[in-house]
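This report refers to the structure that appears directly beneath it.
Naming: A, B, ... by sequence-line order, numbering from 1 per chain.
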Number of protein chains: 2
Amino acid sequence: MQNKVFKALAHPDRRKVLDLLRSGPKLAGDLAAEFDSSWPTMSRHISILKDADLLSAERQGNQILYRINTSVVEDTASTLLTFIGVAHNDDKDDKKEAAE
Amino acid sequence: MQNKVFKALAHPDRRKVLDLLRSGPKLAGDLAAEFDSSWPTMSRHISILKDADLLSAERQGNQILYRINTSVVEDTASTLLTFIGVAHNDDKDDKKEAAE
DNA sequence: ACTCTTATTAGCATTTTTGCTAATTAGCAA
DNA sequence: TTGCTAATTAGCAAAAATGCTAATAAGAGT
């Protein structure tokens, strides 16, 4: 649901989480360490991002590794671009693409 | 301020306003008419979009014409794409672009 | 001036979001 | 089992967002 994504993006710390994940997957603790807020607070921010499907989680024994969900971010950017009439090629199984 | 933009995008009706403006500028009243909420409510949604600089307003006698602010939407899409490492050429007076 | 239309602002109640501390779960190792 | 680290969930208070009705402003026309 796109609405969850846009709501998730509405908080600066959550956008910062996404920015931190730009350099690759990170452990929840390493993420939390980058912020002034308490760890439970950051945990909730992360779970909001996860709930919006912007992140996916992978358990690594004791800890949890988070990575950004590229396709969801892409789709959201596409949605924005449609507002200004930009083509945005979705490319979900685009069988024929040169019918002319 | 990017934060205002993302917050403005967090409400479905406000995104719908942007979508309605895709086909060109519209009067405040014509926009409001497309929604179930009261007119004052829509007026506030519009002012939040305006405050985020996503819209610009132009008086036309009795009424007010709103148009979408293309560049702000573009920049926001670019911000999203940086999260997934997409190049995104800002192009704010890009003097030299082929130094190599 | 008065009136009609268009749109915004004020003021309020309700809901949602945020952020904290305390409590809990999950896995690993003795 | 106990203990330790990593992380989430519970519960609450404070702040922000939402949406309504009533009141107000701003233009155009009479």
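- Under a 3.5 Å cut-off, the side chain of Arg67(B) and the backbone N or O of Ser56(B) do not form any donor-acceptor pair.
- Side-chain atoms of Tyr66(A) lie closest to dT8(D) of the nucleotides dA7(C), dA6(D), dT8(D).
- Across every strand in view, dA30(C) sits in a pair with dT1(D) that passes the Watson-Crick or G-U test at under 3.5 angstrom.
- Atoms CG and CD1, on Leu31(B) and Ile64(B) in that order, are 11.5 Å from each other to the nearest 0.5 Å.
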Practice item. Encode nucleotides 15-22 of chain D as B, S and - characters from 5' to 3', where the letter depends on protein heavy atoms closer than 4.0 Å: B to the base, S only to sugar-phosphate, - to neither. Key: --SBBBBB
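- Proximity of a side-chain donor or acceptor of Lys26(A) to a complementary backbone N or O of Leu20(A) within less than 3.5 Å is detected.
- Atom CG in Asp30(B) sits roughly 7 Å away from atom P in dA7(C) (whole-Å rounding).
- Rounded to an integer number of Å, the gap from CD of Gln63(A) to P of dT8(D) is 11 Å.
- A donor-acceptor pair under 3.5 Å links the side-chain atoms of Lys16(A) to the main chain of Glu34(A), judged by distance alone.
- Judged purely by atom type and a 3.5 angstrom limit, Ser43(A) has no side-chain atom pairing as donor or acceptor with the backbone of Trp39(A).
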Exercise for review: Any chance you could list the contact pattern along nucleotides 24-30 of chain D? Use B for base contacts, S for sugar-phosphate-only contacts and - for none, protein heavy atoms under 4.0 Å, 5' to 3'.
Suggested key: --BBS--
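- If you take CG of Asp51(A) and P of dT8(D), they are 13 Å apart, rounded to a whole angstrom.
- Taking the ring centre of Tyr66(B) as origin, the terminal cationic atom of Lys50(B) falls outside the region bounded by 6.0 Å and 45° from the ring axis.
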Practice item. Mind running salt bridge (Lys or Arg N to Asp or Glu O under 4.0 Å) on Arg22(B) and Asp19(B) for me, showing each step along the way? Key: CA-CA 5 Å; Arg22(B) 203 155 48 86; Asp19(B) 195 51; 3.1 Å; yes
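- A donor-acceptor pair under 3.5 Å is formed between the side chain of Asn69(B) and the backbone N or O of Asp53(B).
- Taking atom CG on Leu55(B) and atom P on dA7(C), their separation rounds to 14 Å, with Å as the unit.
- Of the possible polar contacts, one joining the Arg14(A) side chain to the Lys7(A) backbone as a donor-acceptor pair under 3.5 Å is found.
- When distances are taken from the side chain of Ile64(B) to each of dT8(C), dA7(D), dT6(C), the shortest belongs to dT8(C).
- What separates NZ of Lys26(A) from P of dA7(D) is a distance of 14 Å, to the nearest Å.
- Across the protein-nucleic acid pair, Ile46(A) atom CD1 and dT17(C) atom C1' stand 17 Å apart, rounded to whole Å.
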